[in-house]
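A quick write-up on the structure given underneath.
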Amino acid sequence: MSPTLVLSLIAGYFAVLVIIALLTSRKATSESFFVANRNAPWYMVAFAMIGTSLSGVTFISVPGNVYGKSWSYLAVVAGYVAGYVVIGTVLMPLYYRLQLVSIYTYLEQRFGYWSYKTGALFFLISRALGSGLRLYLVAGVLQLAVFDAMGVPFAVTVVVSILFIYLYTFKGGLKTILWTDTFQTLAMLSCVALSIYFISSELNLGFKQLVSTVRASSMSQVYFSNFSDDKYFWKQFASGMFITIVMTGLDQDLMQKNLSCRSLADAQKNLFWFTPVIVGVNVLFLTLGVLLYQYAAAKGLHLNELPQLLKANKTLDTDLVFPYLATTQFTLFAGVVFILGLIAITYASADSALTALTTSFCVDFLNIKQYPEAQQTRLRQLTHLGWSVALIFIILAFRLINEQSLIDAVFKTAGYTYGPLLALYSFGIFTRRRLREPLVLPVCVAGPLLTLLIVTHSVEWLGGYKFGFEILLLNGALTFLGLLLISRPDDRTEAAAVLS
């Protein structure tokens, strides 16, 4: 694919997003920016959440990762279902009962100032790092497909990508994003389905042959045999459940969409329909992964010998397999479909994250509601710009240090940064104890540090045990124990019961 063609696709796609933004951001206020005036249709929220939940990491890293980990990710996806049940029955009723804009204000009402600020701080760190990782992946693909050939530095690619997102989100916020993400989710799902169709056609596989080919492949294996293995099913299942609880239920980004529904019943209806769809979409990505390697083998491509697909340690960079095949081996139309799908899924997750970061900082740290609407608008837009710049620096920093699959990097990073949030909310909901507030932040910092120490030495200390995504569970448990140590009996039992 020529760089000119790819640039034209990006420009055309961006023009569509800008038009949607202009139409939806008229008479925008802080209320529409933060929660879309709390009148969004549940079915729109459900559909828009698909794109937000998946990101470019799912689009590229999940298919590529079947090379080394087969379908072990399916256990994580199965855990999602259990996680969504907890969100819909425990967390959503709590948030709607308290009429929250930022979900971290629950911690202030339940415990106090330092718990509130600590929870909001860990969200900002978690979401900024997670979004940076996701955008890094896509910027790298665009660099490979377009900008390397044009001699454009990676830093310029990153700045342009973030600028695009900033331009169509800075005014309308969530109200705009619900519409743009609906469009982008549709584009992404179409691209995944078409990619599977294109490869199946190239391999002369009908539907039945496609299913049997995937089932017969060693890359569709799910691991039940060795508990010490980081791919073991039930470890992955538990990790998927708690990853969903923290990365959706305790995350301002995803919950901000849910809080835009008209009522709790609508929000729960949204989650009910969203859950089976997200599971099905992930199965499609895993199927696509098996087909990608089948396609490469049929074409006689030795992927682990191609210099452009190797990391610095000479191992296959599986995150580049789908982009490489789509832009160099597929037909022109299939390559165009891939680029559009990648852009759609990336903007769908990144624009929502940028808005959530802005919302949390404005509500949780600037207390923006105390100002007149005109001043709220200025503060909100400056904050939006500030987070855009921060994401640029995070992406550039990650380019220097990443040596693993992005899907692994995202979830393992989440294990360290979301663990304190899991502990704080669990402690608030399932106990009636109060916290010694000045000690909350030190405990929430100590938990991830102790987790890092244990994970780093787990093989020698725990008889060969390797941690996978269950880092989150260890971190949450250690932080919970720390909170228990700094807690005391609650002399406001009745008030606590009302809140939790």
Side-chain angles (χ1 to χ4, degrees), residues 35-55 58 62 73-101 103 106 174-175 177-190 192-193 236-287 345 348-349 352-353 355-356 414 418 421-422 425-426 429-430 500:
V35 289
N37 298 318
R38 296 189 189 273
N39 64 358
W42 68 265
Y43 46 86
M44 174 185 283
V45 176
F47 197 69
M49 276 182 61
I50 296 170
T52 305
S53 301
L54 294 175
S55 84
T58 312
V62 169
Y73 186 65
L74 184 63
V76 178
V77 175
Y80 288 174
V81 178
Y84 289 132
V85 170
V86 173
I87 293 168
T89 58
V90 177
L91 293 175
M92 275 187 181
L94 175 66
Y95 298 154
Y96 268 86
R97 186 165 67 247
L98 299 177
Q99 286 291 293
L100 304 181
V101 174
I103 62 174
Y106 161 75
L174 186 61
K175 185 178 179 182
I177 285 169
L178 287 173
W179 284 98
T180 57
D181 283 6
T182 297
F183 166 71
Q184 293 180 130
T185 298
L186 179 61
M188 180 275 297
L189 293 177
S190 300
V192 175
Q236 296 280 73
F237 177 90
S239 300
M241 174 181 172
F242 283 95
I243 284 169
T244 299
I245 291 172
V246 298
M247 294 185 72
T248 299
L250 304 183
D251 186 289
Q252 180 68 25
D253 188 358
L254 272 297
M255 292 315 297
Q256 191 168 352
K257 282 188 170 66
N258 283 283
L259 294 175
S260 70
C261 292
R262 297 186 178 100
S263 65
L264 171 61
D266 274 3
Q268 291 174 322
K269 194 183 299 181
N270 145 51
L271 202 64
F272 172 78
W273 285 103
F274 166 78
T275 300
V277 173
I278 203 70
V279 171
V281 171
N282 275 285
V283 170
L284 286 179
F285 278 115
L286 290 167
T287 300
I345 195 65
S349 62
S352 181
T355 300
Y418 280 97
L421 277 172
L422 177 62
Y425 276 83
S426 298
I429 292 171
F430 298 114
S500 59

Subject >> Nearest heavy-atom neighbours spanning Ile278 and Asn282 >> reply: O-ND2, 2.8 Å
Subject >> Heavy-atom pair with the smallest gap, counting every atom of Phe237 and Ala82 >> reply: CZ-CB, 4.2 Å
Original post:
Could you give the distance from CE (Met247) to CD1 (Ile87), rounded to the nearest 0.5 Å?
Top reply: 11.5 Å
**OP:** Just do the side-chain contact (heavy atoms from CB on, under 4.5 Å) check on Val246 and Leu421 with the steps written out, would you?
**Re:** CA-CA 7 Å; Val246 298; Leu421 277 172; 5.5 Å; no
**OP:** Measure across Ala75 and Gln236 and return the closest heavy-atom pair with its distance rounded to 0.1 Å.
**Re:** CB-CB, 3.4 Å
Original post:
What pair of heavy atoms forms the shortest contact from Met255 to Gly249, and how long is it?
Top reply: CG-O, 3.4 Å
Subject >> Considering all heavy atoms, the nearest Gly88-Pro93 contact >> reply: O-CD, 3.5 Å
Original post:
Which distance, rounded to the nearest 0.5 Å, do you find between the CH2 of Trp273 and the OG1 of Thr275?
Top reply: 11.5 Å
Original post:
Please walk me through it: do Val283 and Val77 pass side-chain contact (heavy atoms from CB on, under 4.5 Å)?
Top reply: CA-CA 9 Å; Val283 170; Val77 175; 5.6 Å; no
Original post:
For Ile103, does its backbone N or O pair with a side-chain atom of Gln252 as donor and acceptor, under 3.5 Å?
Top reply: yes
Original post:
With a 4.5 Å heavy-atom cut-off, do Leu91 and Thr248 have their side chains touching?
Top reply: no
Original post:
Can you tell me how far CG of Asp251 sits from CD1 of Ile243, rounded to the nearest 0.5 angstrom?
Top reply: 13.0 Å
**OP:** Please work out whether the ring planes of Tyr425 and Tyr106 are parallel, tilted or perpendicular, with thresholds of 30° and 60°.
**Re:** parallel
Subject >> Gap separating the CG atom of Asn270 from the CD atom of Gln268, nearest 0.5 angstrom >> reply: 10.0 Å
Subject >> Centroid-centroid distance, Tyr84 to Phe274, less than 6.0 Å >> reply: yes
**OP:** Could you grab the distance from atom CG of Leu94 to atom CG of Leu98, nearest 0.5 Å is fine?
**Re:** 5.0 Å
Subject >> Non-hydrogen atoms of Gly240 and Tyr80 that approach each other most closely >> reply: O-CD2, 3.6 Å
